[in-house]
Novice: 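Before I ask anything, let me first share the structure, which is written out below as structure tokens.
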Amino acid sequence: MEWLKLVLAAIVIFPIAILFALFFIFSKLKMKKVYAFGFAADLTTFLLFVSVPLIVKSIWGINIFIWLIIAAIVLAMVYTYIEWRKSKEIYIPQVLKRIWRMYFILLLGLYIVLLIVGMVVYIIRFMQ
């Protein structure tokens, strides 16, 4: 049971490593590199939705999970509205894919920033 906890913790804590591992696996399965990276990014987005709130909770003790979900819903609504205004006809699967990839980019950027901020905060706490 402890091994399962450790594996799940590693998956949540290291989504970037999981991204590259999935990309490597999908590339070896003879997928084109663009599709392999896209599919790996799609799967990693789930982990980022969990990892980002966990990092914020560990740094500042604030639970932002519900706010992250609300922000994702609002962002999806705004993006869908913009797409509708631009083309008047929206293709739902394509819009959902773009929104999901946008979540990946935003959450990955936030994850990297939070890792750096977390290291700086813990170094400062350690030095005091």
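We count residues from 1, following the sequence as given. Side chains are part of it too, since the values below use all heavy atoms of this structure and drop only hydrogens, waters and symmetry mates. All values reported here derive from a predicted model rather than from experimental measurement.
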Novice: Can you tell me how far CD1 of I55 sits from CH2 of W60, rounded to the nearest 0.5 angstrom?
Specialist: 10.0 Å
Novice: So how far is it from F14 CZ to Y111 OH, rounded to the nearest 0.5 Å?
Specialist: 7.0 Å
Novice: Nearest 0.5 Å please: distance from the NZ atom of K86 over to the OH atom of Y81.
Specialist: 13.5 Å
Novice: Are W3 and I13 connected, step by step, through hydrophobic side chains (Ile, Leu, Val, Met, Phe, Trp, Tyr) whose heavy atoms are closer than 4.5 Å?
Specialist: no
Novice: In terms of the angle between their ring planes, are W100 and F46 parallel, tilted or perpendicular, with boundaries placed at 30° and 60°?
Specialist: tilted
Novice: Roughly how far, to the nearest 0.5 Å, is the OG atom of S87 from the CD1 atom of I82?
Specialist: 12.0 Å
Novice: Which heavy-atom pair separates L47 from P15 by the least distance, and what is that distance?
Specialist: CB-CB, 4.1 Å
Novice: Kindly determine whether T80 and I92 satisfy side-chain contact (heavy atoms from CB on, under 4.5 Å), including the steps that lead there.
Specialist: CA-CA 9 Å; T80 304; I92 299 295; 5.7 Å; no
Novice: Assess whether atom CZ of F39 is packed by more than 12 heavy atoms of other residues, nucleotides or ligands within 6.0 Å.
Specialist: no
Novice: About how many Å separate CD1 of I112 and CG of L107, when rounded to the nearest 0.5 Å?
Specialist: 11.0 Å
Novice: Quick one: pull up CZ in F65 and CZ in F49 and give me the separation to the nearest 0.5 Å.
Specialist: 8.0 Å
Novice: Is L115 reachable from V121 through a run of hydrophobic residues whose side-chain heavy atoms are each under 4.5 Å from the next?
Specialist: yes
Novice: Which atom pair, heavy atoms only, marks the closest approach of G118 to I59?
Specialist: CA-CD1, 3.4 Å
Novice: Is the charged tip of K88 near the ring of W84: under 6.0 Å from the six-membered ring centre and within 45° of its axis?
Specialist: yes
Novice: Check whether more than 12 heavy atoms from other residues, nucleotides or ligands sit under 6.0 Å from atom OH of Y122, and answer yes or no.
Specialist: yes
Novice: I'd like to check I99 versus L75 (side-chain heavy atoms, cut-off strictly below 4.5 Å). Are they in contact?
Specialist: no
Novice: Kindly determine whether R98 and E83 satisfy side-chain contact (heavy atoms from CB on, under 4.5 Å), including the steps that lead there.
Specialist: CA-CA 10 Å; R98 287 181 186 161; E83 280 292 313; 3.2 Å; yes
Novice: Specify the closest pair of heavy atoms between I18 and T44, including all atoms of both residues, with the distance to one decimal.
Specialist: C-OG1, 4.5 Å
Novice: Report yes or no: is the cationic atom of R101 (NZ for Lys, CZ for Arg) closer than 6.0 Å to the six-membered ring centre of F104, at no more than 45° off its axis?
Specialist: no
Novice: Would L48 and Y103 count as a side-chain contact (heavy atoms from CB on, under 4.5 Å) if you check the C-alpha gap in whole Å, the side-chain angles of each, and the deciding distance to 0.1 Å?
Specialist: CA-CA 9 Å; L48 289 168; Y103 290 158; over 6 Å; no
Novice: Does M77 share a hydrophobic cluster with Y79, counting links as ILVMFWY side-chain heavy atoms below 4.5 Å and allowing steps through other members?
Specialist: yes
Novice: Find out if a path of hydrophobic residues (ILVMFWY) with successive side-chain heavy-atom gaps under 4.5 Å connects V113 to V56.
Specialist: yes
Novice: Kindly indicate whether the side chain of F26, heavy atoms from C-beta on, has any atom under 4.5 Å from the side chain of L43.
Specialist: yes
Novice: Check for me, please, whether M102 and W67 land in the same ILVMFWY cluster - side-chain distances under 4.5 Å, paths through other members count.
Specialist: no
